[in-house]
A.B. asks: 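Before anything else, here's the structure in question.
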Number of protein chains: 2
Amino acid sequence: MEKQTIAYSEKQNAIIHSAEKLFSQTGFDGTSVRDIAQEAGVNVAMISYYFGSKDKLMEAVFEQKTTQMRLKIENLLLNNQITHLEKVNILIDDYVDKFVDQQEFHKIMMREQILEQNTPVAALILELKKRNLQSIKKLIQDGQKSGEFKKHIDIMLMMSTLVGTVSQVVISKRFYCEMNHLGDLTEPEYQKYIRKKLSAHLKNLFKITLTNDI
Amino acid sequence: MEKQTIAYSEKQNAIIHSAEKLFSQTGFDGTSVRDIAQEAGVNVAMISYYFGSKDKLMEAVFEQKTTQMRLKIENLLLNNQITHLEKVNILIDDYVDKFVDQQEFHKIMMREQILEQNTPVAALILELKKRNLQSIKKLIQDGQKSGEFKKHIDIMLMMSTLVGTVSQVVISKRFYCEMNHLGDLTEPEYQKYIRKKLSAHLKNLFKITLTNDI
DNA sequence: TAAAATTAAACAAACGTTTGATTAATTTTT
DNA sequence: AAAAATTAATCAAACGTTTGTTTAATTTTA
């Protein structure tokens with residue numbers, strides 16, 4: 001029984017979108033419902049009217065985003081035309097793209113993870129991470145059975161390196177630009193740049209960690 | 001002209017310590033000055049009296065912590081008895097220890113980095129990161145000159161992997177325990193466990209990335 | 001006794017939410 | 001088809017709390 005995606009009206013989408021933007025920029029507690037209403041161009045009351053509360057609005061943001069957020073691993077696992085390392089590489093690119101494209105939402109997610117709370121949102125994050133980890137575990141184990149990958153691999157640690165490296169680079173944009181003298185890059189230019197860098201860096205890390213090749 | 005550390009009274013230290021704890025647990029905006037005062041066992045007015053404002057209290061937390069936070073790299077660079085890779089390994093352990101020991105403060109730092117603001121606190125973080133990166137750059141370059149390290153190394157990316165992996169593991173404690181069936185570990189036991197895991201994992205990553213050895 | 005520390009009380013401002021009224025569109029009844 | 005009833009959307013205003021900060025009085029310290 002799949003949970004069906006709720007169809008929102010234009011105004012509801014405007015509210016969700018504005019909330020995502022402002023939660024990302026100033027945090028949940030740092031953003032007032034009046035800020036959100038103004039950004040979305042609606043009356044304050046509409047937030048309670050449509051979503052019930054500020055907390056429920058946050059949940060709505062998560063419900064909508066997490067459904068788009070799942071890695072495209074299920075189909076990938078069935079493909080027999082490519083090696084397991086190539087599958088890993090595709091996953092890396094997929095993850096980097098998702099994080100860079102949806103970085104506003106990912107910043108919200110990161111902050112929520114740091115707060116160790118038992119909110120519905122925290123449960124959603126945990127569920128998403130579990131699902132992704134299980135799929136990747138399967139992929140790695142297949143690679144091990146075929147002899148393509150090493151035997152002893154700590155998948156949790158490798159995932160932490162993947163997720164951690166990407167988030168670190170994305171949230172350190174200012175620092176990264178200043179240190180590498182990239183000051184004049186526009187946002188899309190910077191995104192293109194780090195996407196490439198991150199992809200190559202992580203593929204290399206995974207290759208030398210997973211495989212027996214030099 | 002070194003900025004001298006301010007000597008705080010017992011009550012002032014209690015306030016700073018409580019603020020650090022609560023900011024870490026519920027965020028800056030999610031923590032009220034009354035919460036802090038109660039946790040510290042002082043009157044609300046004492047916060048304004050001693051620190052001027054809630055923002056200034058946050059700065060005081062940072063001022064105090066960031067001075068303890070610098071990597072012990074300066075002395076390390078002068079040591080000629082050990083290889084450059086051994087120096088890198090010491091740095092990794094130092095960083096892992098600092099992050100795990102001071103994880104409350106590190107969580108505050110992470111959240112502040114995600115908010116892209118131009119606060120005094122953001123400036124302090126940037127300064128700290130710059131200083132650490134410069135020292136590590138020096139260490140890597142020395143290793144390259146001696147032929148111990150490869151020629152083309154993206155130090156920013158490697159640092160992002162170090163910082164990112166550690167933070168990811170620390171903030172994902174619940175997820176990590178559940179996935180690895182470590183539910184019954186006490187906090188110190190868990191810390192000991194991930195400290196060891198992280199250290200070995202990162203040393204391995206750095207070795208195969210930096211050196212020409214297999 | 002002068003200075004510093006501490007307190008309860010008060011402050012305006014901002015917070016999330018609710019209210020009652022109004023509009024416009026839709027449905028039901030005549 | 002006209003009239004009446006119902007519904008959903010929208011709004012300004014107000015609600016009761018909580019926010020960070022200040023005041024003025026009191027106690028403690030030196």
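In what follows, every chain begins at residue 1, and chains take the letters A, B, ... in the order their sequences are listed.
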A.B. asks: Should the ring pair B/Y8 and B/F51 be called parallel, tilted or perpendicular, given that the plane angle runs from 0 to 90° and is split at 30 and 60?
C.D. replies: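 If you compare the ring of B/Y8 with that of B/F51, the planes turn out tilted.
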
A.B. asks: Let me know which of A/K203, A/R195, A/K197, A/H201 forms a side-chain hydrogen bond (donor to acceptor under 3.5 Å, both in side chains) with A/S199.
C.D. replies: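 The passing option is A/K203.
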
A.B. asks: If the cut-off is 4.0 Å, is A/N43 near the phosphate of D/dA12, judged by side-chain N/O to OP1 or OP2?
C.D. replies: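 Answer yes for this pair, as a side-chain N or O of A/N43 is under 4.0 Å from OP1 or OP2.
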
A.B. asks: So does B/Y49 get a side-chain nitrogen or oxygen closer than 4.0 Å to the phosphate oxygens (OP1/OP2) of C/dA5?
C.D. replies: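 For C/dA5, OP1 or OP2 has a side-chain N or O of B/Y49 closer than 4.0 Å.
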
A.B. asks: What is the distance, to the nearest angstrom, from the NZ atom on A/K11 to the P atom on D/dA8?
C.D. replies: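 It is 17 Å, rounded to the nearest whole Å.
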
A.B. asks: Side chain of B/S32 only, please: which of D/dT19, D/dC11, C/dT6 is the nearest?
C.D. replies: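 Nearest nucleotide to the side chain: D/dT19.
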
A.B. asks: Among the candidates D/dT21, D/dT10, C/dT17, find the nucleotide nearest to the side-chain atoms of B/V44.
C.D. replies: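 Of all the options, the side chain of B/V44 is nearest to D/dT21.
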
A.B. asks: For B/F28 and B/F23, take the angle between the two ring planes, folded into 0 to 90°, and tell me which bin it lands in: parallel under 30, tilted 30 to 60, perpendicular over 60.
C.D. replies: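 Ring orientation, 0 to 90° scale: tilted.
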
A.B. asks: Can you identify which nucleotide, out of D/dG20, C/dT6, D/dA14, has its nearest atom closest to the A/R34 side chain?
C.D. replies: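 Among the listed nucleotides, the one closest to the side chain of A/R34 is D/dA14.
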
A.B. asks: What is the separation between atom CD1 on B/I15 and atom C1' on C/dT7, rounded to the nearest whole Å?
C.D. replies: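 After rounding, the gap between these two atoms is 14 Å.
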
A.B. asks: Is a salt bridge present between A/K130 and B/E178, judged by a nitrogen-to-oxygen distance below 4.0 Å?
C.D. replies: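 Result for this pair is yes, salt bridge flagged.
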
A.B. asks: Give the rounded distance in Å between these two atoms: CG of B/D29 and C1' of D/dT18.
C.D. replies: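 To the nearest whole Å, that distance equals 14 Å.
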
A.B. asks: Take the protein atom CD1 of A/I36 and the nucleotide atom C1' of C/dC15, then report the distance between them rounded to whole Å.
C.D. replies: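 In whole Å, C/dC15 C1' and A/I36 CD1 are 12 Å from each other.
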
A.B. asks: Just how far, in rounded Å, is P of D/dT29 from CD of B/E10?
C.D. replies: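 So the two atoms are 13 Å apart, to the nearest Å.
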
A.B. asks: What's A/T31 touching, base or sugar-phosphate or nothing? Going by heavy atoms closer than 4.0 Å.
C.D. replies: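 Sugar-phosphate, no base atom in range.
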
A.B. asks: At 4.0 Å (heavy atoms only), tell me whether B/Y50 reaches a base, stays on the sugar-phosphate, or touches nothing.
C.D. replies: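 Answer is sugar-phosphate: B/Y50 comes under 4.0 Å of backbone atoms only.
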
A.B. asks: Does A/E86, at its CD atom, have more than 12 non-hydrogen atoms belonging to other residues, nucleotides or ligands within less than 6.0 Å?
C.D. replies: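 Yes, the 6.0 Å shell around CD holds more than 12 heavy atoms from other groups.
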
A.B. asks: Expressed in angstrom and rounded to an integer, what is the separation of B/Y8 atom OH from C/dA5 atom P?
C.D. replies: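 Taking OH of B/Y8 and P of C/dA5, I get 14 Å after rounding.
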
A.B. asks: Let me know the distance between CE of B/M46 and C1' of D/dT26, rounded to the nearest Å.
C.D. replies: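 For the pair B/M46 CE and D/dT26 C1', the rounded distance is 13 Å.
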
A.B. asks: B/S48 has a side chain; which of C/dT17, D/dT10, D/dT22 sits nearest to it?
C.D. replies: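 Taking heavy atoms from C-beta onward, the closest nucleotide is D/dT22.
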
A.B. asks: Check the distance between D/dT22's C1' and B/F51's CZ and give it to me in whole angstrom.
C.D. replies: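 About 18 Å, once rounded to whole Å.
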
